[in-house]
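It should be emphasised that the depicted structure is a prediction, and the values quoted were computed from it without experimental measurement. Chain naming here is simple, since letters A, B, ... match the order of the sequence lines and numbering starts at 1 in each.
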Protein chains: 2
Amino acid sequence: MTKPNPSPELAPQLNRAVKDSKAPAISRAAAVLRLLGKSESPLGLNLVARELGLNPSTCLYVLRALVAEELVSFDPDTKRYALASGVLTLARGWLQQDEFSSLAQGPLERLSRDFGVTMLGVEIFGIDHIIAVAVAQSGAGFQLATQVGSRFPALISATGRCIAAFGGYGEAQLKARFDTLRWDDPPSFADWLSQVERTRETGLGVDEGNYIDGVTVLAAPVWRVRGRPSHALVAIGLSAALKRAGLPELQDALKAAARELTVKLGGEAG
Amino acid sequence: MTKPNPSPELAPQLNRAVKDSKAPAISRAAAVLRLLGKSESPLGLNLVARELGLNPSTCLYVLRALVAEELVSFDPDTKRYALASGVLTLARGWLQQDEFSSLAQGPLERLSRDFGVTMLGVEIFGIDHIIAVAVAQSGAGFQLATQVGSRFPALISATGRCIAAFGGYGEAQLKARFDTLRWDDPPSFADWLSQVERTRETGLGVDEGNYIDGVTVLAAPVWRVRGRPSHALVAIGLSAALKRAGLPELQDALKAAARELTVKLGGEAG
DNA sequence: GAATGATATTCAATATACAGAATGACAAAG
DNA sequence: CTTTGTCATTCTGTATATTGAATATCATTC
């Protein structure tokens, strides 16, 4: 007889992390922070505890400690917990240290302004995922808002073509990942592979409305070390607007910026 | 006989946090994250332990747990630890939830573009400090770079005039804080008070080269609830360039944007 | 190549963080 | 007004996270 399990839980993965760790409280704290970060609204103690499979008592102490560290805010009236701006201060420390994000910010803003597109600098974590580490919005017209810290599957959209083209992964491995992706208008694996091949030739990943309907995404790889790209520069704009703004010019400018960054980071393409 | 204390330490405050906490590991983890965030470069285990007054052994487990949670990165060759991009993902969760930062981003980008200035949205934490929670850079010309998460003393610069003007703090309290501030060109307390008075009349904080030589800063308060301002919109630009761009127009636009945000947040000035 | 000093890491005893039960606090339903 | 249910919080014994010493690893110097 197992216990009734009234709501879906993130417990299993957390339990694995807690087991064999010499500092389980930290795993729990991280899980709580992530849960609060995902949530739309502040959460009560029991909800957090249930969701993570924690003992409410333990969970209370975790939350109290996080509140004391100003990573979590607590509303005494509603007894609800939410992320506090302390997490921003941590993020700032990372941003300052990260060479890529520091170097990329300027070029991203220039491209964003010149072509009226949203620009991202992303860090590539193997074949698994990418994270937006620098953002520049055009400010004009529609905004395709993405925030720093946003996480995407590695093989999605234009960056995905770059990672597939230059990451040195086997076709079987790519296929397995590819099949898990969600697109507005999914390309066939064969089509996608030929686009990847094109990316290998041109040095530029292109996604024309596959990922998001009516939106064109371009991505140019950046190398910190030889081997596989560590980052990418990404341009995002409405397909119609991009044609007007001069797609070829943007493509060239994007590739040039990526090349320049690769040099500054001491890397080398290929 | 106390132990020799070869290097300055952050230990005391951490020890206080650890005492009486039911989750000391979390306090330690937070301290480690902050230390790594402040550091220019990756740090070794012993350095971290010494700086925080932790047992190296304990510190190792803390760092391992943080690495497992992808909040800290570890270079096996150099055995150095640094913040990892996981902290960005946490920050993103906060940004998404925070009503002010979501609502402010658009207006900030518009003002930044229209007037060629760096724009900040800051959250006010009483008389103690403020944190930049939204940033828009002009991209053109010199950049006065400030990152999301940056922390400043509450009473400094233009925002300081707003907080002093509308925070309802006593003069003695203000004086005490004021005396701790560092400016490029410090105003006298009397001068500063009269500027605060002006801010109370005009609804706009102005700092002309006090905080940073040659740089003018404007700040307009935003109210989430009646009482004292919860946030502010800040414009930063080279004094010379701002005069050319049309300072009065920027002042009006800034105040208008702040008023609009106050309404959207359901607040009320005063 | 041995010795020194600095690291990082493991290990075993013990102070204590944690789980579970019990108690308060509060709101909604009867 | 009482009951019922949910939620937050306190309390207590015990499994275990923490500690400090011991060990391992690696440069650096002699």
### Summary
Between Val62(A) and Leu47(B), the residue closer to the 5' end of DNA chain C by nearest nucleotide is Leu47(B)
Could you check how far [atom1] of [X] sits from [atom2] of [N], rounded to whole Å?
{"X": "Glu51(A)", "N": "dC7(D)", "atom1": "CD", "atom2": "P", "value": "13 Å"}
{"X": "Lys22(B)", "N": "dT14(D)", "atom1": "NZ", "atom2": "C1'", "value": "13 Å"}
{"X": "Tyr61(A)", "N": "dA8(D)", "atom1": "OH", "atom2": "P", "value": "14 Å"}
{"X": "Asn46(B)", "N": "dC26(D)", "atom1": "CG", "atom2": "P", "value": "16 Å"}
{"X": "Leu54(B)", "N": "dA8(C)", "atom1": "CG", "atom2": "P", "value": "14 Å"}
{"X": "Ile26(B)", "N": "dA17(C)", "atom1": "CD1", "atom2": "C1'", "value": "11 Å"}

What's the closest nucleotide to the [X] side chain, out of [options]?
{"X": "Leu45(B)", "options": "dC11(C), dA8(C), dC18(C)", "answer": "dA8(C)"}
{"X": "Leu60(A)", "options": "dT18(D), dT10(D), dC18(C)", "answer": "dT10(D)"}
{"X": "Pro24(B)", "options": "dT10(C), dA17(C), dT7(C)", "answer": "dA17(C)"}

Looking at [X] and [Y], would you say the former's side chain and the latter's main chain have a donor-acceptor pair under 3.5 Å?
{"X": "Ser150(B)", "Y": "Ala132(B)", "result": "no"}
{"X": "Ser39(B)", "Y": "Leu35(B)", "result": "no"}
{"X": "Gln97(B)", "Y": "Arg92(B)", "result": "no"}

### Task
Could you tell me how the ring of His231(A) sits relative to the ring of Phe100(A): parallel (under 30°), tilted (30 to 60°) or perpendicular (over 60°)?
parallel
Determine: side-chain N/O of [X] to OP1/OP2 of [N], distance under 4.0 Å, yes or no.
{"X": "Arg64(A)", "N": "dA17(C)", "result": "no"}
{"X": "Arg50(B)", "N": "dT7(C)", "result": "yes"}
{"X": "Asn55(B)", "N": "dG20(D)", "result": "yes"}
{"X": "Arg28(B)", "N": "dA17(D)", "result": "no"}

### Query
Between Gly205(B) and Arg161(B), which heavy-atom pair has the shortest distance, and what is it?
CA-CB, 4.1 Å
### Message
Please find the pair of heavy atoms, one from Leu60(A) and one from Tyr81(A), that lie closest to each other, and give the distance.
### Response
CD1-OH, 3.9 Å
### Query
Does Pro56(A) or Ala25(B) map to a spot on DNA chain D nearer the 5' end, using the closest nucleotide for each?
Pro56(A)
### Pairwise 5' ranking along DNA chain D for Ala23(A) and Leu43(A), keeping only the more 5' one
Leu43(A)
### Query
So does Glu99(A) pair up with Lys264(A), basic N to acidic O under 4.0 Å?
no
### Query
For DNA chain D, what residues of residues 71-83 of chain A have any heavy atom nearer than 4.0 Å?
Lys79(A), Tyr81(A)
